[in-house]
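The block underneath contains the structure these notes are about, expressed in structure tokens.
Every chain is numbered from 1 and lettered A, B, ... according to where its sequence line falls, protein lines coming before strand lines.
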Number of protein chains: 2
Amino acid sequence: MRPHAGVDDVLQVLTQVVEQIEVMWERSKDVSPAPISVSQLRVMFVLEKSSGTNLRALGEALDAAPSSVSRLCDRLQAVGFLDRALSPTSRREVELSLSERGRAYLLDLRERRREHLREIVGELPPAARSTLVSGLRKFRDAATSVHPLEDGHDEAGSQSA
Amino acid sequence: MRPHAGVDDVLQVLTQVVEQIEVMWERSKDVSPAPISVSQLRVMFVLEKSSGTNLRALGEALDAAPSSVSRLCDRLQAVGFLDRALSPTSRREVELSLSERGRAYLLDLRERRREHLREIVGELPPAARSTLVSGLRKFRDAATSVHPLEDGHDEAGSQSA
DNA sequence: TATTGTTATACTCTATAACTATA
DNA sequence: TATAGTTATAGAGTATAACAATA
């Protein structure tokens, strides 16, 4: 009597899965040599993709005030994950970029996050993986078409096998 | 030559979808009459399911120090979302619970979050919804079996249609 | 003068430690 | 004394506003 899943069925399970993953990812946060705050991590995510931006642009990307970003950069620089360089074109701007250690940290964090998911996905039989990928891709595409500019894609490390 | 999706295919799309949803949910955060911080929201989520607990237990549930929780409760009480009552059994304990307004706020927030998802899920044809639900349920169950105690289920409002 | 980045100040969150009051 | 809760005190994130330096 229920040939296809209703919208509310999807909402329920989708919510559960997202919350499960959020809990898992929370747990892979602290396992680092230099514990980084969530805000600092956001800075690193942005800088990874737009290396060399100035402080103002970084603030806009984060939707944060310049002063806040300045302080965040202070601390990231202090732990050696960020480089502040004077801009060669304008002496009142800075060029912000991740240091080598900063990049290494991000790769490491991503790997830990994926490892948590892999542990679970690896349990699924091949047919279930295909079903899941198929459903998720349709959701992703629908989400992208509804909110074209607001997708939070993570391109790094997304090489298909 | 690829009869079924590989594990890395799943990881890629799953990561994308979770990040999309996190971005969406972030946006439904500030649309409230009394803006609540993330920490305060966590308090409310816990209290919703364990009404009447004392401050110590709440702190353990949040993995936060008692003093932090005390301050969080101060502010939640100030905006009228939380009630502090003296325990009838032990005069050194308090009974923490959500006020009526607090509960109403949570319901409202949940509805906003679901509305964001519903907008997208509603776009999917029925067959795609079924595929998605099927795949997600298998993931959820696998996740629950791998991490039995760490599931972040959201039972409220999960009535199936 | 307008812009970039940094401090000054203030508020919230967080934690450890000290304190009060109960058991 | 041991425990529950609340204050000190301190450090980090956030924002607005004031400030320095540059364009």
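- Here the CG-CG distance, from B:Asp9 to B:Leu14, works out to 12.0 Å after rounding to the nearest 0.5 Å.
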Next on the checklist: Walk along nucleotides 18-23 of chain D from 5' to 3' and tag each nucleotide B, S or - by protein heavy-atom contact under 4.0 Å, base first, then sugar-phosphate.
Outcome noted: ----BS
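- For the pair B:Pro66 and B:Leu55, the tightest heavy-atom approach, listed with the atom from each and the gap, is O-CD2, 3.4 Å.
- Contact annotation: A:Arg42 does not reach the phosphate of D:dG13 (side-chain N/O to OP1 or OP2, under 4.0 Å).
- Per the geometry, CD belonging to A:Glu93 stands 6 Å off P belonging to C:dT4, to the nearest Å.
- Pairs passing the salt bridge (Lys or Arg N to Asp or Glu O under 4.0 Å) check and including a residue from residues 52-63 of chain A, sequence neighbours excluded, do not occur.
- One finds no salt bridge joining A:Lys138 and A:Asp141 here, because no Lys/Arg side-chain nitrogen approaches an Asp/Glu carboxylate oxygen to under 4.0 Å.
- Distance A:Ile36 CD1 to C:dT14 P: 18 Å, rounded to the nearest Å.
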Next on the checklist: For B:Arg101 and B:Asp83: C-alpha separation, side-chain torsions, deciding distance, then whether salt bridge (charged side-chain N to carboxylate O under 4.0 Å, His left out) applies.
Outcome noted: CA-CA 10 Å; B:Arg101 286 187 52 212; B:Asp83 291 326; over 6 Å; no
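- At whole-Å resolution of the value, CG in B:Leu55 and C1' in C:dT14 are 14 Å apart.
- Of the charged side-chain nitrogens involved, at least one lies within less than 4.0 Å of a carboxylate oxygen, so that B:Asp108 and B:Arg112 count as a salt-bridged pair.
- The distance between atom CD of A:Gln77 and atom C1' of C:dG5, rounded to the nearest whole Å, is 13 Å.
- For the pair B:Asn54 CG and C:dA21 P, the interatomic distance rounds to 20 Å; values are reported in whole Å.
- Under a cut-off of 6.0 angstrom, the local environment of CZ in B:Arg84 is crowded, with over 12 non-hydrogen atoms contributed by other residues, nucleotides or ligands.
- Place B:Val94 and A:Arg75 on DNA chain D by their nearest nucleotides, and B:Val94 ends up nearer the 5' end.
- Computed from coordinates, the B:Gln40 CD to C:dT14 C1' distance equals 13 Å when rounded to whole Å.
- Heavy atoms only, all atoms of each residue included: B:Arg103 and B:Ser51 are closest at NH2-OG, 3.8 Å.
- As rounded to whole Å, 11 Å separates atom P of D:dG5 from atom CG of B:Leu86.
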Item to check | A:Arg118/A:Glu111 under salt bridge (charged side-chain N to carboxylate O under 4.0 Å, His left out): CA gap, chis, key distance, verdict | outcome: CA-CA 10 Å; A:Arg118 200 188 312 271; A:Glu111 191 44 45; 3.4 Å; yes
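- Look at CZ on B:Arg56: it is 10 Å from P on D:dT6, rounded to the nearest Å.
- For the segment residues 58-73 of chain A, residues with any heavy atom less than 4.0 angstrom from an atom of DNA chain D are, sorted by number, A:Asp63, A:Ala64, A:Ala65, A:Ser67, A:Ser68, A:Leu72.
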